[in-house]
Amino acid sequence: MADRPLIVGNWKMNGTRAMLSEARAIDRAAQRHMKVEVAIAPPYTLIHAVHREVEQIGVGAQDCHPGTDGAFTGDISATMLADAGAKFVIVGHSERRQGHGESNDLVKEKAQSALDAGMNVIMCCGEDEATRDAGKAAAFVSKQLKASLPAQIESAGEKLTVAYEPIWAIGTGKTATPEDIGAMHAEIRQLLIKLYGEEQGAEVRILYGGSVKPENAREILSVEDVNGALVGGASLTADSFMGIAIAAGDTLEA
Ligand code: 13P
């Protein structure tokens, strides 16, 4: 099991060049907390600038097109993102699946193209509220992941991260209970072991996402099989984002 927690900030559609100072502040703080791996996924327009400004933290993208190049107006390929300095791509975020109608098949193609471009992948999954209320969350997430993950990934433990983000917890201030998070992450772990084998499946980090803040981070990050967090709103300032990273470091000592 990877023992260095990973805290990733997903800036979503936020950030102009004025936010570069925040990225620098995150980077400086991350250099003081090396037990925790810290990364941010700014909007496309800032990837290269952030990459040039920071020394310690990872920089990634929030999405990519499945192709490498061609007549796809407005799209950006994984190859282009890697060239801009991105080291990972988030794929299958619910805001893409729901807001842009992305299917599991498309998400899988995107993941493959990011891997082919030499980048790591953060594969998102998560159920909506009706599915959770119907008691079908675990079955839904397993099926979604099975259909979205490439069948074979070389060095999956290193290249792949899974982020469990229940849709009803994103940006709502609601979080899943530690018991529910633990049960879902255990389910995901079993699936990863089945797909990628005992050794690699155990190494894949599983992040929790959905209203993670400095105040609730320690409790969430202490749950078995929670190897980090994917953070939206609270990643937009160095103070709150690094509060979460520091809480992740504290769980290693606890
Ligand atoms: P919030 O942390 O704003 O709930 O967003 C979570 C998320 O969607 C990260 O990808």
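Just so it is clear, the values below take in all heavy atoms, side chains as well, and ignore hydrogens, waters and symmetry mates. When a ligand or atom number is given, it counts from 1 through the structure's own listing order.
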For the side chain of Asn120 and the backbone of Gly60, is there at least one donor-acceptor N/O pair under 3.5 Å apart?
no

Going by the order shown, which atoms of ligand 1 are within less than 4.0 Å of some heavy atom of Asn10?
9 (C), 10 (O)

Whether Tyr208 and His185 hold their rings parallel, tilted or perpendicular, with breakpoints at 30° and 60°:
tilted

Ignoring hydrogens, just give me the one of Ala41, Gly232, Gly171 whose non-hydrogen atom is nearest atom 4 (O) of ligand 1.
Gly171

With distance as the sole test, does Gln56 use its side chain to make a donor-acceptor pair with the main-chain N or O of Asp27 at under 3.5 Å?
no

So, does Lys12 sit close enough to ligand 1 that a heavy atom of it is under 4.0 Å from the ligand?
yes

Do ligand 1 and His93 have nitrogen or oxygen atoms that lie under 3.5 Å from each other?
yes

Nearest protein heavy-atom contact for atom 7 (C) of ligand 1: which residue, which atom, what distance?
Glu165 OE2, 3.1 Å

Same cluster or not: Leu221 versus Val212, using hydrophobic residues (I, L, V, M, F, W, Y) connected whenever any side-chain heavy atoms lie under 4.5 Å apart?
yes

Applying a strict 4.0 Å limit to heavy atoms, is Gly209 in contact with ligand 1?
no

On a heavy-atom basis, which atom in Leu81 and which in Ala61 lie closest, and how many Å separate them?
CD1-CB, 3.6 Å

Give the atoms of ligand 1, by number and element, whose distance to some non-hydrogen atom of Gly233 is under 4.0 Å.
1 (P), 2 (O), 3 (O)

Can you sort out which atoms of ligand 1 are near Gly210, meaning under 4.0 Å from one of its heavy atoms?
4 (O), 6 (C)

Walk me through it: do Glu129 and Lys174 pass the test salt bridge (Lys or Arg N to Asp or Glu O under 4.0 Å)?
CA-CA 11 Å; Glu129 193 150 33; Lys174 293 190 219 169; 3.2 Å; yes

Contacting atoms of ligand 1, where contact means under 4.0 angstrom from a heavy atom of Leu230:
9 (C), 10 (O)

Keeping the roles fixed (side chain from Ser77, backbone from Thr68), state whether a donor-acceptor pair exists under 3.5 Å.
yes

